[in-house]
Amino acid sequence: MKLKFRWVSAGLLAVAMQSSGAATVVNDKTLTEVGDGSNWLAYGRNYSEQRYSPLEQINDQSIARLGLDWVLELPEDRMLLATPLVVDGVMYFTGSFSKTRAVNAKTGELLWEYDPESVKHAGDRLRIMWDQNKGPAFWNGKVIISTIDGRLIGLDAKTGERIWETMTIDPRRAYYITGAPKVFKGKVIIGNGGTEQEAARGYVTAYNADTGEQEWRFWVVPGNPADGFENAAMEMAAKTWTGEWWKHGGGGNTWNGITYDPEFNQVLVGTGNGSPWNRKIRSPGGGDNLFLCSIVALDADTGAYKWHYQTVPGETWDYNSNMDIVLADLKFGEQQVKALMHAPKNGFFYVLNRENGELLSAEKIGKVTWASHVDLKTGRPVEIAGSRYEDGEETVWPSPYGTHSWHAMSYNPKTGLVYIPTIEMPAVFKDSGIDLKAWESPHFRASVGVEFGTEDTAPDYGVAFLMAWDPLKHEKVWEHELPPLWNPGTMTTAGNLVFQGRADGEFAAYHTETGKKLWSTQLGLGISAPPVTYSIDGKQYVSLLVGWGGAGLISGSLAAQHGWKYKVHPRRLYTFALDSAKPIPSSPPPAYAQPVDLPDFKIDDEQASYGQALFAESCFLCHGGGVVSGGGAPDLRESPIALSRDAFREVVVNGAKFANGMPRFKDFGDREIDGLLHYIRKMARKGAANPLKKVSQAQP
Ligand code: CA
């Protein structure tokens, strides 16, 4: 290791010598500024989360000259969702299981890598986890990463050596982290996910960015009143809950959108859905259930509550408000407003005055049937009768994937427009088959208190768009249909461009005002990460991680139609610049599972139906709805392992594929193994008879 670090230092010295000017100190000042665009210092480029760059060398006129400059192969990786950071010519990013790399941003040369060994740390907790991570933070010479198993780790940016490590969750509980940590004022803040797998009570914690010591924690929902409340905000929130909510945790987990707002010295936290989803179980007498599905403003120094705005009072559809919170100065009528913009899952686009949380506007950006509108006087949505599935089964728009999920929107101050990836898709909600009083919260298995289908989703069940939205006029300025369903975040520049990857592997640039597609290239694998831009020695670059991933892969055929089969297509980091013309390295064509029907296998329907329920609790998050893999794990309908009872048991119970991230289920006996095998064979027979067809209507 010693030798490696010496070599690393030499590499970094070379980078420093290539770049002109003094080293950037990443602190509150540099993270507040727009800067000259040479760096990409934070998840949303700076504290504003706008993902807007002032660089304009690559622009609507010159973009025809954009080509591949360098590429880094990432053969060990799978899901790549991260926003890379660029500081003084060095790029830092997290890959699968938060493996972290520093590369020379001019050449792609690897400078160091750090493996937090998340699989080993997670152990049997892996049964609720993915391998994805949304990226690092940078503060004062340190790269700070989060891990799926719940840790925050501070690394020396020069060497990749670990400086500190902090466990942020109770490992006995089913929490995990996929979000990027955020830094401010010498602190680093992180939340977690887990409302689907635990009696979860959400929280965010701020730690000292230099030492990892805890500074403050804010709980999103109240605990058991008998234990006393942590603060007055929890006492106030408890008045909006009924029944014995604390037995189910309540939820509100903060797994993504957290924005530091230097102008008001506050942290704006986007909070999650209920635990469980179904309010009839969680809070049987009704109530708003604060602070679920809200933006909560906290004092940056103490974590004390300042104000909140709740987007979905009494949520019951998984319509969390975990999406990014973007800061901008907007002229609202005659009023100049320090605003925040937020497009949560629920289908509305919100503009708030962030000085006090006052609602300025809330308009639909897609098909929404749970509410007719938001009353600007009360600030509350006006719900449509039946949408709470109170009268039985109900089809509701949007689905739990949301009209907009965590895929970042960007805001361009030149056009005043927001560029949002959206989804239009319903879901069927019902709970008539659930004993609401007897229902128990899960523990390391998925269960949400709604009979929510975990069957395969048809390839044409949902559609997706890239939308340019005017937050002041509340109107769509232009839009492109995108391939279903799961398209990544956007980035916009002073060069009149919006960049975005697509689920079908295309990477494209559009004119910010007209939406005209000006440039595109095919990268041979579904894209799930947002691009970034930076410059070194007067040359502008655009970079993008390509590695299909995220919860959209759960949907089965809707994701599988693109043919991004597990471990078939190379994972890469691509970087583009003007007048560069390296050929895009080749990738295999789209590949589809070939389900194996065993004609002699007699499927027992009772066993298969037991297996289906088990699959929904413990397998489908990775292997896909209806056993149709969207690419996040092997398709079990064609797996040779699932053809042998002994081999299957070795993997599922004894952990033969543990190193790949396949968890052990030591508690599974013959009934579980046989149930799963009967269900897999049943789905394989169905799949063999009806091969998957691509239905994407979006034109490349
Ligand atoms: Ca959720």
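Each ligand, and each atom within it, is numbered from 1 in the order the structure gives.
For H562 (side chain) and P484 (main-chain N/O), a donor-acceptor pair under 3.5 Å exists by modelled atom type.
Residues passing the side-chain hydrogen bond (donor to acceptor under 3.5 Å, both in side chains) test with S405, sequence neighbours excluded: none. For K187, the side-chain hydrogen bond (donor to acceptor under 3.5 Å, both in side chains) criterion is met by no residue, not counting sequence neighbours.
Excluding waters, the protein N/O/S atoms found under 3.0 Å from the Ca ion (ligand 1) are E196 OE2, N273 OD1, D318 OD1.
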Walk me through it: do D261 and R354 pass the test salt bridge (charged side-chain N to carboxylate O under 4.0 Å, His left out)? CA-CA 9 Å; D261 173 3; R354 61 182 207 266; 2.8 Å; yes

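In this structure, R172 is not positioned above the aromatic face of F444 in the sense of NZ or CZ being under 6.0 Å from the six-membered ring centre and within 45° of the axis.
The salt bridge (Lys or Arg N to Asp or Glu O under 4.0 Å) analysis of residues 446-458, with sequence neighbours excluded, yields no pairs.
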